[in-house]
Amino acid sequence: MGAVARKQLPLRPAGPDTTAALLDWYDSERRELPWRSPPGRKADPYRVWLSEIMLQQTTVKAVIPYYREFLRAWPNVRALAAASLDEVLTKWAGLGYYSRARNLHKCAIAIVEEHGGRFPRSEAALRKLPGIGPYTAAAIAAIAFNEEATPVDGNIERVIARLFALRLPLPAAKSEIKRLASTLVPSDRPGDFAQAMMDLGATVCTPKRPSCLMCPIQPDCHGYAKGMAESLPLKLAKPDRPSRFGYAFLALSEDGHILLRRRQEAGLLGGMMEVPSTEWRDDWLSVEDAMRSAPFKTDWWPVTGTVTHTFTHFRLQLNVYRAIVPADATLTFWSEPNRCRWVNRRDLHNEALPSLMRKVIAHALPQ
DNA sequence: AAGACGTGGTT
DNA sequence: TAACCAAGTCT
């Protein structure tokens, strides 16, 4: 081995060249997405906003059909503002994180009533609107208005953590990541830069088995150079999920209607419809105690098996009881009759039923 | 500031 | 299977 031994090329810090390489890649690999306008064409802030809200913690694949349906039903922010919350929740059903739908509706109304039906252009003004946090405000400012903003989502966190070989774990590293990302934003194409970073994170710089050999900024990547790209970003361990248990009561009338109940507006599945059920506790209620929470007194029969559902922060097991009642039965409701409504089995698709409740219904009424 | 807040797909 | 993940926000 001579004195001129194979020495690693000194790695230049990420900078303007990194940005240029990324944008070249973006221009050639451009991904078509329903909410993305063709190159050079101005983006519609409404569509950018709608897509960004739907994409929060949600995969592109899951979002696409919902995005299309929302756009068909409500092509602009005034139309959405004129809809009822229930209509919005119904179309959102199955997408999860229902506060997004509530805030989407609230935000549409705020845009119409406080901003003359036009989205504000600045990050700061966007940030004040319901459902728009630091990421979404920056994303809309950059993508819809080409403002020099720096959105930082999970993709960009990962790309930056790897590019700069950051060893500080998330979420503590967030502010440093934002600062580093902002140094790379080109003043002429902030929107394209943001989308390029996200595309890179989604398709190349993936959480597991990143395709470093195909990466346009691999020559600048300190994580790659140190052989630690895949292990970044470091994250603090998450607390494990507790279990909760409850009973659901599926009442079916002889003429084919199911009893549903509206959940309270705030909290888990807020504002959505449900199959009436007991509280969800950290242990099983006795059947006798559970029966006190049935919507009315009748012969409830246990349905074999258990419905299980996993939320972000707990697992749920529901035992289901079923009853068939005459269509003209006089029922004495035990609780909140005004929140209850009989719905034709055939019309359930027009209800704001979260996935969990669709599972419960399918479990109790097979076919 | 840490936990609440959905769902479906991968590994 | 369990763990982890996906274009975060709100309180």
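Order of the sequence lines fixes the chain letters, A, B, ..., with proteins taken first and strands second; residue numbering starts at 1 for each chain.
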Atom [atom1] of [X] and atom [atom2] of [N]: how far apart are they, to the nearest Å?
X	N	atom1	atom2	value
A:R209	C:dC5	CZ	P	16 Å
A:K238	C:dA2	NZ	C1'	14 Å
A:E157	C:dT9	CD	P	11 Å
A:W49	C:dT9	CH2	P	14 Å
A:R315	C:dA2	CZ	C1'	7 Å
A:L55	C:dT9	CG	P	12 Å

Worksheet item: Relative to A:W49, does A:R118 satisfy both conditions: NZ or CZ under 6.0 angstrom from the six-membered ring centre, and within 45 degrees of the ring's axis?
Response: no
Worksheet item: When rounded to the nearest Å, what value does the distance between P atoms of C:dT11 and B:dG6 take?
Response: 14 Å
Worksheet item: Between C:dA6 and B:dC5, how far is it from one P atom to the other, in whole Å?
Response: 22 Å
Worksheet item: Does the pair A:R121/A:E147 count as a salt bridge with the N-to-O cut at 4.0 Å?
Response: yes
Discussion item. One thing to verify: whether A:R244 and A:D282 come together as a salt bridge, which I'm taking to mean a side-chain N less than 4.0 angstrom from a carboxylate O.
Written reply: no
Worksheet item: Can we call the ring centroids of A:Y67 and A:F70 under 6.0 Å apart?
Response: no
Worksheet item: Which residue lies toward the 5' end of DNA chain C, A:P207 or A:P130, if each is placed at its nearest nucleotide?
Response: A:P207
Worksheet item: So what does A:R158 touch, heavy atoms closer than 4.0 Å: a base, only the sugar-phosphate, or nothing?
Response: sugar-phosphate
Worksheet item: salt bridge (charged side-chain N to carboxylate O under 4.0 Å, His left out): which pairs involve residues 62-74 of chain A, sequence neighbours left out?
Response: A:E69-A:R72, A:E69-A:K91
Worksheet item: What string of B, S and - do you get for nucleotides 4-11 of chain B 5' to 3' if you count protein non-hydrogen atoms under 4.0 Å?
Response: SBBBS---
Fill in: Exercise: identify the closest heavy-atom pair between A:F145 and A:P120
CE1-O, 3.3 Å
